[in-house]
Amino acid sequence: MYHEPVLKEEVIQYLLNDKNGIYLDGTLGGGGHSEIILNNLTKAGILIGLDMDNDAQKFATKRLNKWTDQLVIAKKNFRDFELVLQEKGIPKLNGILLDLGVSSYQIDTPEKGFSFSQDGALDMRMDETGGTAAVDLINTAPLSELIRIFREYGEERHASRIARVIVAERQSNPVNTTFGLTKLIHRVSAPQHRVKTLARIFQALRIAVNDELQNLRTCLQKSTGYLRQGGRIVVISYHSLEDRIVKNFFRNESSKCECPPEFPICICNKMDTLKILTKRPVTASDAEINLNARSRSAKLRAAEFIL
Ligand SMILES: C[S@@+](CC[C@H](N)C(=O)[O-])C[C@H]1O[C@@H](n2cnc3c(N)ncnc32)[C@H](O)[C@@H]1O
């Protein structure tokens with residue numbers, strides 16, 4: 001199993017507003033959500049699936065091969081999704097799905113370096129053909145940058161202590177593997193907090209290496225320019241940093257005037273572009289969590305383009 005998709009029924013419920021429509025799955029992964037979407041479309045419907053990861057693209061292409069006439073798969077960062085639309089002559093979409101983060105396959109593949117419980121090269125790039133790998137960041141970033149990354153993206157209280165031990169060690173022994181980094185974190189974390197500290201530091205590095213938060217912001221900002229009236233945007237996030245970005249974006253796009261209350265008349269002329277469909281984030285049922293532990297932290301938010 002490449003990856004078990006989360007909140008399957010909820011994705012269909014919130015995303016699909018027209019069975020003949022054109023949808024974008026910006027995080028194709030193993031093609032799980034894409035398969036469910038395609039199963040719910042008529043022959044006239046189209047799905048565009050993007051992923052930065054070569055393996056995901058290959059796997060999903062095989063899995064979805066019975067829909068080749070209705071499917072466009074591209075290796076692309078979802079922040080640049082409009083380039084694929086322009087190339088295919090598609091002006092507007094009925095819906096956009098983002099199921100953020102990494103797939104189970106990526107976590108379970110030691111060479112990708114996402115997991116602190118398996119030894120592998122400290123890479124963490126979803127797209128292994130470009131960008132800066134975690135190994136370069138860990139061994140060359142200034143101390144202040146490592147502290148910022150651990151604090152901002154990992155919300156790690158001991159960011160400074162952990163960054164200092166890395167910087168001291170790397171002068172004589174570059175940190176090249178996941179277990180190399182894990183050992184250093186063990187040195188400076190209390191045993192009872194170790195797993196959570198490791199999770200926070202690995203999450204922080206992954207976010208920095210892949211510029212995950214900026215990708216999300218950029219894609220959300222562009223999304224409203226490419227949705228038809230009534231088109232939907234559905235985002236599943238797995239940690240509070242991502243969820244906050246989605247929540248704030250939806251809130252901002254669904255509010256009208258932003259003038260200070262003391263202004264007698266509106267001078268900003270701000271229009272609302274989205275209607276929020278999920279007042280609170282949708283989470284997995286106990287039954288789903290029992291079957292798929294990954295769904296425990298999933299939060300789905302959806303909104304509809306109303307202009
Ligand atoms: C949680 S998995 C998606 C799983 C998928 N929904 C399924 O059902 O199989 C996230 C996927 O999104 C990809 N990804 C993450 N950020 C991306 C980005 N900015 N652009 C393109 N792909 C991205 C990852 O490589 C990974 O394969």
Side-chain angles (χ1 to χ4, degrees), residues 1-12 14-15 23-40 47-64 67 71-85 95-109 111-115 123-131 133 153 203 205-223 234-239 241-243 245-246 284 288 291-300:
M1 171 62 72
Y2 192 101
H3 179 93
E4 178 62 29
V6 306
L7 297 168
K8 294 182 263 198
E9 283 164 22
E10 294 82 352
V11 163
I12 295 304
Y14 285 104
L15 184 70
Y23 293 86
L24 172 77
D25 179 352
T27 49
L28 187 61
H33 282 125
S34 282
E35 182 173 72
I36 303 160
I37 297 168
L38 284 159
N39 265 324
N40 280 276
L47 181 78
I48 301 152
L50 311 180
D51 207 291
M52 295 205 275
D53 185 316
N54 263 330
D55 292 350
Q57 197 199 353
K58 279 189 213 146
F59 185 90
T61 303
K62 257 196 205 156
R63 176 178 188 165
L64 305 174
W67 286 284
L71 185 62
V72 175
I73 290 185
K75 180 172 181 289
K76 187 69 82 196
N77 190 316
F78 60 59
R79 69 166 179 232
D80 299 322
F81 74 87
E82 80 283 6
L83 300 179
V84 180
L85 301 190
I96 299 175
L97 170 68
L98 299 178
D99 176 23
L100 300 168
V102 278
S103 64
S104 309
Y105 169 83
Q106 287 168 317
I107 292 179
D108 295 342
T109 305
E111 311 89 75
K112 292 194 184 272
F114 289 112
S115 167
D123 190 319
M124 297 198 186
R125 287 170 303 166
M126 293 179 194
D127 175 3
E128 72 275 23
T129 61
Y153 302 152
Q203 170 188 295
L205 278 173
R206 201 195 83 201
I207 291 175
V209 164
N210 297 290
D211 203 11
E212 290 181 35
L213 303 184
Q214 197 47 43
N215 290 338
L216 174 59
R217 285 191 202 99
T218 306
C219 182
L220 290 175
Q221 287 298 343
K222 288 179 180 174
S223 66
V234 176
V235 186
I236 305 172
S237 57
Y238 294 87
H239 56 77
L241 299 172
E242 294 170 340
D243 186 52
I245 291 172
V246 181
E288 177 167 2
L291 288 173
N292 182 3
R294 207 175 168 279
S295 65
R296 187 188 307 276
S297 50
K299 285 189 173 158
L300 179 152

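When reading the values below, keep in mind they use all heavy atoms of this one structure, side chains included, and skip hydrogens, waters and symmetry mates. Each ligand, and each atom within it, is numbered from 1 in the order the structure gives.
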**OP:** Give a yes or no on whether a salt bridge exists between Glu4 and Arg294, defined as a side-chain N under 4.0 angstrom from a carboxylate O.
**Re:** no
Original post:
Would you call Arg125 and Asp127 a salt bridge, taking side-chain N to carboxylate O under 4.0 Å as the test?
Top reply: no
Original post:
Under 3.5 Å, is there a donor-acceptor pair between the side chain of Asp25 and the main chain of Gly31?
Top reply: no
Subject >> For Leu241 against Tyr153, the heavy-atom pair lying closest together >> reply: CD1-O, 3.3 Å
**OP:** Say whether, by atom type as modelled, one donor and one acceptor occur between the side chain of Asp51 and the main chain of Gly29 under 3.5 angstrom.
**Re:** yes
Original post:
When you check the side-chain N and O atoms of Asp99 and Tyr238, is any donor under 3.5 Å from an acceptor?
Top reply: yes
Original post:
Can you list, by chain and residue number, every protein residue with a non-hydrogen atom closer than 4.0 Å to ligand 1?
Top reply: His3, Pro5, Gly26, Thr27, Leu28, Gly29, Gly30, Gly31, Gly32, His33, Asp51, Met52, Asp53, Lys76, Asn77, Phe78, Asp99, Leu100, Gly101, Val102, Ser103, Gln106, Met126, Asn215, Arg294
